[in-house]
Amino acid sequence: MERISACWLFLLILFPLSGQENPYPTYGVEKSMPVYYEHLREQLTFPMAWGRSDTKDFDIWKKNARAVVWECMENILPAPDSYDMEMVASEKREGYEARKIVFTLSGFSRVPAYLLVPEGEGPFPAILMLHDHGAHFSIGKEKMVKPFGVKEEVLKDAEEWAVKCYDGQFTGDYFAANGYVVLAVDALLWGERGRKEGADYDAQQALASNFLQLGTSWGGVIATDDVRSAEFLASLPFVDPERIGAAGFSMGAHRAWMTAALTDRIQTTAAICWMNTTDYLMTLTNNQNKGGSAYSMIIPGLRRYLDYPHVASIACPKPMLLFNGIHDKLFPVEGVENAYRDMRHVWESQNAGEKLVTRLWDEKHFFSKEMQKETLLFFDHYLRP
């Protein structure tokens with residue numbers, strides 16, 4: 001009898017009588033978000049942000065905020081004892097040389113990379129060129145630099161990606177042809193640092209989970225690798241260590257301002273199509289709530305202290321350019337504008353408002369040739385003698 005009553009109660013909860021409102025929720029998650037996500041979002045007050053922090057000295061705030069980011073990254077990758085760079089192949093191009101190199105990125109990793117070196121006498125200004133995510137793992141650095149000495153399918157893959165995201169132009173080659181040393185390295189899980197079993201979109205979630213269980217994070221590892229890449233670039237004898245920039249599109253943009261926030265090796269930054277606020281990204285309709293690509297940029301616990309524009313603002317007063325598209329479905333325009341406003345407050349508070357360039361383009365999620373030209377002019381202004 002008790003068992004029958006319990007069954008009826010369960011059925012009434014799932015299927016209430018017609019005309020009666022069910023007082024018990026029958027789900028706790030909607031579109032991969034907890035039903036109480038708005039309450040969680042409201043708890044994020046970002047107390048470490050400049051202007052909200054109790055620290056009123058900007059240099060001290062910057063040091064403390066940077067330390068918080070590093071702490072949340074839980075970095076466990078030891079620095080390399082030496083870079084031990086080896087050039088394995090080269091190709092002459094118009095105005096520069098493309099080199100395939102291998103160097104020691106950390107105490108755990110030795111990685112391939114493309115290094116583009118202009119003709120003439122150095123030291124040259126340099127750009128750390130950071131590739132996108134794109135749910136496309138078969139290539140990484142090849143998204144930024146035209147590959148050579150590769151299989152035909154790799155070259156075709158890279159050329160098609162350049163058309164899809166970069167208006168048919170390899171951004172790294174464009175900058176090298178205009179006098180910049182360019183370094184492009186695969187982020188972990190892309191290209192030659194990809195999955196042994198082959199590219200698989202779902203593998204990134206397992207990889208992120210495994211990193212968390214090993215005491216660190218995939219996003220933190222990518223950010224650390226980018227900082228080490230900037231340090232390696234600064235060590236090259238033909239590079240001026242005081243004239244190094246970081247540039248990237250989409251996830252590469254996130255990587256660019258993260259690297260600028262984490263190290264002063266980066267003096268100037270261009271971030272194309274990745275800036276917003278948690279308030280506008282953590283909704284039921286935004287792509288961010290699906291997980292997937294987000295794992296490569298998540299730093300556990302960081303949102304308890306700083307939002308995205310607050311982290312990027314650690315780079316202040318260094319020059320920074322941010323472009324977004326008004327038709328970019330990944331980044332709501334209102335969130336972009338709010339993030340720009342927050343960052344402008346920081347740069348202007350340090351009398352450096354002219355060094356922050358923000359612009360909304362009549363574009364989708366795309367890095368057009370015109371945008372690349374504007375980005376080059378920005379770097380020329382701050383990094384060319």
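What you see is a predicted model, and the numbers here were worked out from it, not measured in a lab. In what follows, every heavy atom counts, from backbone to side chain, and hydrogens, waters and symmetry copies are set aside.
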Tightest non-hydrogen contact, residues T55 and W50, listed as O-CZ3, 3.5 Å
So the side chain to side chain donor-acceptor pair (under 3.5 Å) pairs with at least one residue in residues 102-116 (sequence neighbours excluded) are T104-R110
(message) I want to know whether W361 and F323 have ring centres closer than 6.0 Å.
(response) yes
Under 6.0 Å from the ring centre and within 45 degrees of the ring axis: does the NZ or CZ of R243 meet both conditions for the six-membered ring of F379?
no
Closest non-hydrogen atoms of I314 and R66, given as atom of the first, atom of the second and distance, are CD1-N, 3.9 Å
Determine, for F170 and R93, whether the Lys NZ or Arg CZ falls below 6.0 Å from the six-membered ring centre while staying within 45 degrees of the axis.
-> no
Scanning both residues in full, the closest heavy-atom pair of K373 with Y174 reads CA-OH, 3.4 Å
| request: Would you mind reporting whether L356 and L322 have side-chain heavy atoms less than 4.5 Å apart? | output: yes
Checklist entry - Within a strict 4.5 Å, meaning less than it, do heavy atoms of the I299 and M258 side chains meet? => result yes
query: Are any non-hydrogen side-chain atoms of Y166 and W161 less than 4.5 angstrom apart?
result: yes
In terms of heavy-atom contacts, I266 and A230 come closest through CD1-CB, 3.9 Å
Here's one to test your reading of the geometry: is the NZ or CZ of R193 within 45 degrees of the ring axis of F137 and under 6.0 Å from its centre? no
Per ring pair (Phe, Tyr, Trp, His ring centres under 6.0 Å), W274 is matched among F249, F367, Y308 by Y308
Under the 3.5 angstrom rule, does the side chain of K62 hit a backbone N or O of C316 as a donor-acceptor pair? yes
